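Structure first, then comments.
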Amino acid sequence: MRLLYFAWVKEKAGVAAEDIEPPENVATIAELIVWLKTRGPEFANAFARSEVIRAAIDKSHARHDAKIKGAREIAFFPPVTGG
Amino acid sequence: MRLLYFAWVKEKAGVAAEDIEPPENVATIAELIVWLKTRGPEFANAFARSEVIRAAIDKSHARHDAKIKGAREIAFFPPVTGG
Amino acid sequence: MIRVQQEDFDIGAEIARLKAGRTDIGAIVSFTGTVRDRGGAVTEMTLEHYPGMTEAELQRIEAEACARWPLQASLIVHRYGALKPGDNIVLVVTASEHRDAAFEAAKFLMDYLKTRAPFWKRESGPGGTRWVEAAESDDASAAAWKPKRAAE
Amino acid sequence: MIRVQQEDFDIGAEIARLKAGRTDIGAIVSFTGTVRDRGGAVTEMTLEHYPGMTEAELQRIEAEACARWPLQASLIVHRYGALKPGDNIVLVVTASEHRDAAFEAAKFLMDYLKTRAPFWKRESGPGGTRWVEAAESDDASAAAWKPKRAAE
């Protein structure tokens with residue numbers, strides 16, 4: 001599963017993209033965030049205010065309760081500020 | 001007092017502009033219309049549906065109850081259709 | 001700024017002139033009205049207007065918009081004379097720091113212009129020539145802004 | 001049509017291309033978003049985006065607008081990369097027979113784009129560099145369209 005990070009989530013996590021294999025019991029975006037935060041202080045910091053983090057599964061916006069099974073690409077980013 | 005006519009009011013009245021001196025008792029736009037209608041069949045026709053006729057006094061929109069005293073230029077026209 | 005003219009206008013050039021050298025503008029909205037052929041029913045449109053009053057009325061409408069919204073710039077250009085389907089008729093441009101003001105002011109300018117600026121359209125086509133009738137929906141659109149005005 | 005690009009766009013040329021040879025369009029609305037310097041606080045803005053998702057999201061937003069309003073043409077162009085105050089950021093153009101559809105669809109496209117298209121602005125200036133925070137008013141603007149959607 002490919003993970004992408006954007007904007008300050010990327011800067012805080014210190015990584016733009018990586019391939020990971022989360023444990024079997026990680027079923028949703030919310031659970032994936034909880035697991036990511038255990039991977040080190042950078043991730044704990046990047047996802048500290050997890051309620052403001054937005055996610056996308058395979059290039060579509062996804063809620064924190066969305067199931068991640070079968071996802072090829074999951075992205076994490078702050079609220080968007082384009083336009 | 002200069003009178004101007006536009007669009008189909010002009011076409012029906014058969015005149016674009018004229019200088020007139022209405023009788024003393026003609027005090028408002030509505031009374032001016034009533035008087036104009038007595039000036040011939042073209043004017044009677046042009047102002048037949050007087051409720052749809054719009055007026056301007058000295059280049060500002062004016063209601064039918066507006067006083068015409070002191071006006072230099074009065075215009076009559078259909079509802080506007082620009083834009 | 002307002003202009004009444006027979007010749008065409010260049011939308012890109014008008015917007016470029018309005019924002020030239022400025023770094024405080026955040027949002028620019030333009031509205032362009034063009035002649036529709038209505039499936040071939042219209043081959044020519046002639047716009048008559050009331051010289052003198054047209055300019056005065058457009059200036060009043062623009063001043064009203066500037067009083068209601070924090071506009072950094074605004075422009076109304078309206079053509080008159082003989083036009084063909086596809087030709088430009090009117091251009092309204094508004095600039096503001098934020099998009100809501102620019103959008104609302106542009107719509108307001110068009111709604112007011114449609115019911116107050118002394119222009120009259122005459123259409124010609126295979127079915128003959130006729131003066132365009134005013135749309136009641138235009139009166140409703142302009143009237144919808146009134147409460148705001150009264151509240152100020 | 002949607003485009004995501006680093007280079008600038010030409011508003012006049014985009015509108016001209018969209019209406020070229022057409023005589024059925026009556027109203028064209030454009031929105032241009034530009035970089036504000038906020039009184040000197042901003043000297044550079046960098047727009048990051050999510051390639052692939054950006055295009056997909058803009059296409060979804062455009063399709064949603066076309067499903068809601070009778071649009072004859074529409075265009076979204078959004079830039080990314082390093083920009084300076086005064087530079088263009090985004091262009092939205094809508095064309096319809098009547099002005100209300102064109103105005104509403106353009107505002108809708110901007111409201112949705114602001115809350116859904118994956119772009120992030122980073123501003124630099126004398127005070128340092130910071131990621132722009134999302135405005136709650138943008139969420140409110142986008143949410144305001146929701147009831148209509150549900151009613152359909």
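Side chains are part of it too, since the values below use all heavy atoms of this structure and drop only hydrogens, waters and symmetry mates. Note that the structure is a prediction, hence the values are computed from the model and not measured. So that the names make sense, note that chain A is the first sequence line, chain B the second, and so on, each numbered from 1.
The contact between D/D37 and chain C is made by backbone and side chain atoms together, counting heavy-atom distances below 4.5 Å. Looking at C/S137, there are no atoms closer than 4.5 Å to chain D (heavy atoms on both sides), in backbone or side chain. Heavy-atom distances place both the backbone and the side chain of D/D111 under 4.5 Å from chain C. Residue D/K107 touches chain C through both its backbone and its side chain, counting heavy-atom pairs closer than 4.5 Å. For C/A106, the parts lying under 4.5 angstrom from a heavy atom of chain D are both the backbone and the side chain. Contact annotation for C/E14: neither backbone nor side-chain heavy atoms come within less than 4.5 Å of a heavy atom of chain D. Only the backbone of C/V35 comes within less than 4.5 Å of a heavy atom of chain D; no side-chain atom from C-beta onward does. For D/I25, the parts lying near chain C are the backbone and the side chain together; criterion is any non-hydrogen pair under 4.5 Å.
Counting heavy-atom neighbours within 6.0 Å of D/Q5 CD, excluding the residue itself, gives a total above 12.
Chain D is approached within less than 4.5 Å, heavy atom to heavy atom, by no residue from residues 77-84 of chain C.
When each of D/M110, D/R38, D/R22 is scored by its heavy-atom pairs under 4.5 Å with chain C, the top score falls to D/M110. Of the listed residues (D/G12, D/A27, D/A16), the one with the most heavy-atom contacts under 4.5 Å to chain C is D/A27.
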Kindly indicate, with the supporting measurements, whether the criterion side-chain contact (heavy atoms from CB on, under 4.5 Å) is fulfilled by C/R36 and D/H98.
CA-CA 10 Å; C/R36 287 185 296 141; D/H98 301 288; 3.5 Å; yes
Between D/V29 and C/S30, is a side-chain contact (heavy atoms from CB on, under 4.5 Å) present by the stated rule, with each step listed?
CA-CA 6 Å; D/V29 170; C/S30 80; over 6 Å; no
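The distance from the CD1 atom of C/I28 to the CG atom of D/N88 is 7.0 Å, given to the nearest 0.5 Å.
Across C/R99 and D/F31, no two heavy atoms sit closer than the pair CB-CE1, 3.2 Å. Closest heavy-atom contact between D/G86 and C/T23: N-CG2, 4.1 Å.
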